[in-house]
Amino acid sequence: MFHVGSARSVLYNWAFARHEGGTLVLRIEDTDAARNRPEWTEGIISAMAWLGIDGSQYEGPYFQSANLGKHTEAAQRLYAEGRAYYCDCTRADIVARTGDQHHGYDGYCRDRGLGPGEGRALRFRTPDEGATVIDDLVRGKTVFENSSIEDFVLARGDGSVLFLFANVVDDVEHRITHVLRSEEHLPNAPKQQLLFEALGLEPPAWGHLSIIVNEKRQKMSKRRDKAALEAYRDEGYLAAAMRNYLMLLGWAPAGDREILPFDEMVAEFRIEDVNSSPAFFDVKKLRAFNGEYIRAMAVADFIAACEPWLRPDVVPWPAEKFDPVVFAELAALAQTRVALLPEIVPMVDFAFLADPVRDEASWAKAMKEPAAELLAEVAAAYEQVPWEAGPLRERLESVGTSFGLSLGKAQAPVRVAVTGRTVGLPLFESLAVLGRQETLRRIESARERVTGLA
RNA sequence: GGCCCCGUCGUCUAGCGGCCCAGGACGCCGCCCUCUCAAGGCGGUAGCGCCGGUUCAAAUCCGGUCGGGGCUACCA
């Protein structure tokens, strides 16, 4: 699963890496689970590919267990140097002593001199005095009193190391220079920085990006919120629009610009300019951006982008009725009316359905007096006209006039008769594409129904 | 509870002591255009959480307060 929050970090990461000419390391921070859940990795990779981050721009996936030897080696070194000690306390022991579920470790085994053994965890001996300051690229300096940092666990009773520690060793292994991640990891930063120092290594530059929140201002969750990037792709959002929108969460290019080419954003982007307050993911604005990007496309590109929603197995009309030439003509008319790709389907379905859908609300609204008579007159007038938008419009307009109706009023019954709905593509162009025979058939069928009902 | 982070229109943001009785965008409202619906054009709506201080001058600096959030595992 690819969390939007992560997507955002990756995006920044990427922009930053491009800026610095670096490489992105894709690391699945899960020793065993990720191996058993290849779809996690695939999800991340496919989401990255969708956003335009191709395989040549990252390394990975990389699993912690691949570096097991180095992890235990580093842990042993810290133990040998007295920077870590063994502890046989269970969670229950600690709670019994401190009387508080939410209290950190109390340091009970600090000076008991326990050696390694089955069931004994290795804890880091946190400095008693002083403070650890995290100089963060996005939030400035944050001071953590060392006394407020508990003696956290480095390795479990079975010898396997924890994420926090494995992370540090892996960062060294990968020669990571910048750790850009989500704000929720900020409390881990001082612990890891202490670890770098204990290992005699230079800590990386930190950058903790704010989280993305839902309407309740809480961290987006995969369970509650639509946080998987792939879901947006499947709903018809364009990668370019998505990535443009995502870039604007917490950062803005100069000059009151919002929609601009990704290359320009990358060139202008500086991690130091990212603001540190959480942002709400506003789907309405994303949708508006998507519409802008769709309108900016060449018609041929728009048609190509619609393809996934035109596949025979997802489409509401019989596959053999689909005509790409007809679709191309209608698509040109639909482009300014589509904000999300799948919205194209109900706009053009009338052309490929044997009978148009019948939206009852539309019928009730449009098929009032004198609809039946008007439909009959229009049908008669359409028997002979040159079958082009201009003449079609003129004839309907003059029929309307004879009923004392404006064009706006007069077109409604015809529109509903032919397309089934009260709103849609420009009517006369649509009729021109549909053809005389089918248009007359639908008008006649609608007239009969209206008469029958009356 | 403890540690930490955050606080400009409903939302995303610009702003880094005078250019700001706060600019842009989405949303919303109105008008124009118009065969419906869009698109487009024009206009409008709405905000510096609060209280003190520093200063000739504060959205911008300082203190406090209130509010929101994150973390708090031998998970990642």
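A note on names: the letters A, B, ... follow the listed sequences, proteins ahead of strands, and every chain is numbered from 1. In this text the structure is predicted, and so the values were computed from the model without any measurement.
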To the nearest 0.5 Å, atom CZ of F152(A) lies from atom CD of Q192(A) at 8.0 Å
Kindly say if R156(A) contacts the phosphate of A73(B), meaning a side-chain N or O under 4.0 Å from OP1 or OP2.
no
Is the phosphate of C12(B) approached by R257(A) (side-chain N or O, under 4.0 Å from OP1 or OP2)?
no
Check for me whether R83(A) meets the cation-pi criterion with F124(A), that is, NZ or CZ under 6.0 Å from the six-membered ring centre and within 45 degrees of the ring axis.
no
Which nucleotide, if any, forms a Watson-Crick or G-U wobble pair with C61(B), using both distances under 3.5 Å?
G53(B)
Between U13(B) and N275(A), is there an OP1 or OP2 to side-chain N/O distance shorter than 4.0 Å?
yes
G69(B) phosphate, OP1 or OP2: any side-chain N/O from S210(A) under 4.0 angstrom?
no
Counting the atoms with a prime plus P, OP1 and OP2 as sugar-phosphate, which does A252(A) contact under 4.0 Å by heavy atoms, base, sugar-phosphate, or nothing?
sugar-phosphate
On the nucleotide C35(B), are OP1 or OP2 found under 4.0 Å from the side-chain N or O atoms that R393(A) carries?
yes
Ignoring hydrogens and angles, does a donor from either the side chain of R415(A) or the base of C35(B) sit under 3.5 Å from an acceptor on the other?
yes
Take atom CD in E118(A); do more than 12 heavy atoms of anything else shown fall under 6.0 Å from it?
no
Does R243(A) qualify as a cation-pi partner of F262(A), given the criterion of NZ or CZ under 6.0 Å from the six-membered ring centre and within 45 degrees of its axis?
yes
By nearest heavy atom, map C87(A) and T142(A) onto RNA chain B; which one lands nearer the 5' end?
T142(A)
Describe the nucleic acid contact of E429(A) in one word from base, sugar-phosphate, nothing, applying a heavy-atom distance below 4.0 Å.
base
It should be established whether K219(A) places a side-chain nitrogen or oxygen under 4.0 Å from OP1 or OP2 of nucleotide C71(B).
yes
Is any N or O donor-acceptor pair between the side chain of E184(A) and the base of C5(B) shorter than 3.5 Å?
no
Specify the residue among R295(A) and K191(A) whose closest nucleotide of RNA chain B lies further upstream toward the 5′ end.
R295(A)
Taking N and O atoms by type only, does the side chain of E258(A) place a donor or acceptor under 3.5 Å from a partner on the base of G24(B)?
yes
